[in-house]
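In this text, all values refer to a predicted model and were calculated from it rather than measured experimentally.
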Amino acid sequence: MDLTNKRILIAAQYAAPYGGNFLRSIQNLSDRLKADYNCAVAFVFPYKAFDYTWCREFAECHDVRYVDWQQHLKKQCRKIVDAFVPDIVYTHFEGFDLPMYQACRRLAKPVYNVWHMHDWLSYHPNLIKNMYMRLCLFRHYGLPALMGGVNLSLLAVCEHEVAFVKRYRLGKRLKTDVLPNGIDMTRLEKHDASATNRIYTFGAFGGRNTQKRVDLIMHAAKGLADKGYDFNVIVTCGSDTRDVVNDIFGTEVPPYMTLVPQASEINSFYSDIDCFISSSSHETFSYAVAEATITGLPVIQSDIVGTKWNAGNPSVTEFKSGDIFELSAAMEKMLVADKDELRASCEATRHHNLEFLSLDRWSEGVIQHFKSL
């Protein structure tokens, strides 16, 4: 598709308190589409987003429309599509996918729908909920294959999402591209952890432990402490992190283990550690891993699909997901590593990821997907 003078509608089920990387990403894309192809670009958000400063400021210099999620969503989407008459509708976070798709089928001209998948998909262990989830996934990704009419393609953050929904396509071919997220580099400060004289410090972000698996780090740390190594571990408190600590250590938390509150200011956290650990059982894209490499830290990460994009970098050590012994060996490797060699490998990783994770690279990936429609 020639994008010159095309009309592109970007609809996102996004109403977080902060605009963050997502807002900066779609803003960068909009700027590129307008500057390079003279596109008309409009945005759609839930009304809830208007409660936040980022959205009101964004709307001052962009064409933004809103929908009330509590009202008739399909009707609201139809009104927006009828008024804007897009050539491409680009949706994020699933909620707008079907309503926009169905609205576009009413137009006399063909409209390309691009669904950008962000969320990790998995089945619920409860049988009834599992069956209902499969029905919903078929309705979302299978029925459009049978409806025909409007062109549809997928962008995904990682391979997992593409593979997960493929079975619901009933053998119908669907254009899909995998595009890791871009990040806003301007808010990240570079640190040289190897230049400090503090006790070597590992860091990790807590969350729901079924996903983040910080228990693995604590068990691995116990083994290293028993070997006589001197180090610290800093973990931010997630929803059940303190419970995990209590289950593993009881009432006597060892001096090398420190829990800190989660905070929006991440540079101070990265400056306090010498190595970042991502022990997650699943991710679609780990912003924390990306940020750590840009700040100049070495990374230990589980070998999951959501961090594979980072696995080949020289300052990255992978371990088998869920394997305490491999994680312990990776941590031990960091404790005895040569500082000069580690500094050089961190700089090489940072240099690569500054380009690979840039917002311009991400926008170009979306644009190339649009062009291939």
Side-chain angles (χ1 to χ4, degrees), residues 1-12 14 19-45 54 58 61-64 86-93 96-97 100 111-119 151-162 174-188 283-294 305-313 348-373:
M1 173 188 287
D2 181 3
L3 295 181
T4 304
N5 297 324
K6 290 296 186 287
R7 301 179 64 80
I8 299 175
L9 185 65
I10 302 175
Y14 186 83
N21 276 296
F22 176 71
L23 184 69
R24 293 180 181 90
S25 297
I26 60 174
Q27 182 170 358
N28 184 280
L29 173 63
S30 174
D31 292 344
R32 290 281 305 278
L33 288 169
K34 291 177 181 178
D36 297 346
Y37 302 97
N38 196 38
C39 290
V41 181
F43 299 85
V44 185
F45 294 115
W54 67 261
F58 186 77
C61 48
H62 296 86
D63 182 355
V64 178
D87 297 290
I88 296 174
V89 175
Y90 177 36
T91 56
H92 291 263
F93 304 111
F96 276 116
D97 291 353
M100 285 294 181
V111 180
Y112 289 88
N113 285 249
V114 179
W115 296 354
H116 202 133
M117 305 174 67
H118 295 265
D119 299 328
N151 297 286
L152 176 63
S153 66
L154 297 180
L155 271 170
V157 176
C158 72
E159 292 284 356
H160 160 80
E161 299 149 307
V162 175
L174 178 69
K175 175 175 176 52
T176 59
D177 284 317
V178 175
L179 182 64
N181 291 334
I183 65 173
D184 176 25
M185 314 288 185
T186 60
R187 63 193 182 90
L188 299 172
E283 301 266 6
T284 52
F285 178 87
S286 174
Y287 277 110
V289 164
E291 292 166 349
T293 62
I294 298 303
V305 66
T307 55
K308 277 296 182 184
W309 56 267
N310 193 47
N313 281 314
T349 296
R350 182 175 184 272
H351 178 76
H352 174 267
N353 282 355
L354 280 171
E355 169 61 27
F356 180 72
L357 299 173
S358 69
L359 296 182
D360 285 338
R361 190 274 319 167
W362 181 85
S363 293
E364 183 60 26
V366 176
I367 288 170
Q368 289 305 316
H369 184 88
F370 287 173
K371 285 184 172 181
S372 68
L373 299 175

Shortest non-hydrogen contact between [X] and [Y], atoms and distance:
{"X": "Pro180", "Y": "Arg361", "value": "O-NH2, 3.0 Å"}
{"X": "Gly19", "Y": "Tyr14", "value": "O-OH, 3.0 Å"}
{"X": "Leu354", "Y": "Met185", "value": "O-CE, 3.5 Å"}

Distance in Å, [X] [atom1] paired with [Y] [atom2], rounded so as to fall on 0.5 Å steps:
{"X": "Phe370", "Y": "Cys39", "atom1": "CZ", "atom2": "SG", "value": "9.0 Å"}
{"X": "Ile10", "Y": "Met100", "atom1": "CD1", "atom2": "CE", "value": "11.5 Å"}
{"X": "Met117", "Y": "Thr284", "atom1": "CE", "atom2": "OG1", "value": "10.0 Å"}
{"X": "Thr307", "Y": "Glu283", "atom1": "OG1", "atom2": "CD", "value": "7.5 Å"}
{"X": "Asp87", "Y": "Ile8", "atom1": "CG", "atom2": "CD1", "value": "7.5 Å"}
{"X": "Tyr90", "Y": "Leu29", "atom1": "OH", "atom2": "CG", "value": "6.5 Å"}

N/O donor-acceptor pair under 3.5 Å between [X] side chain and [Y] backbone:
{"X": "Ser363", "Y": "Leu359", "answer": "yes"}
{"X": "Arg32", "Y": "Gln27", "answer": "no"}
{"X": "Arg7", "Y": "Ala40", "answer": "no"}

Answer yes if the side chains of [X] and [Y] hold a donor-acceptor pair under 3.5 Å, and no otherwise.
{"X": "Asn21", "Y": "Asp184", "answer": "no"}
{"X": "Lys371", "Y": "Tyr37", "answer": "yes"}
{"X": "Asp360", "Y": "Ser358", "answer": "no"}

Worksheet entry | Test ring pair (Phe, Tyr, Trp, His ring centres under 6.0 Å) applied to Phe45 and Phe93, Trp54, Phe22, the passing residue |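 Of the listed residues Phe93, Trp54, Phe22, the ring pair (Phe, Tyr, Trp, His ring centres under 6.0 Å) partner of Phe45 is Trp54.
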
For residues 152-160, which side-chain donor-acceptor pairs fall under 3.5 Å, sequence neighbours excluded?
unit_1	atom_1	unit_2	atom_2	d
Ser153	OG	His369	NE2	2.8
His160	NE2	Leu121	N	3.4
His160	NE2	Leu121	O	2.8

Worksheet entry | Passing option when Asp97 is tested against Val114, Asn113, Thr91, Val89 for side-chain contact (heavy atoms from CB on, under 4.5 Å) |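 With Asp97 as partner, Val114, Asn113, Thr91, Val89 yield a single side-chain contact (heavy atoms from CB on, under 4.5 Å), made by Thr91.
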
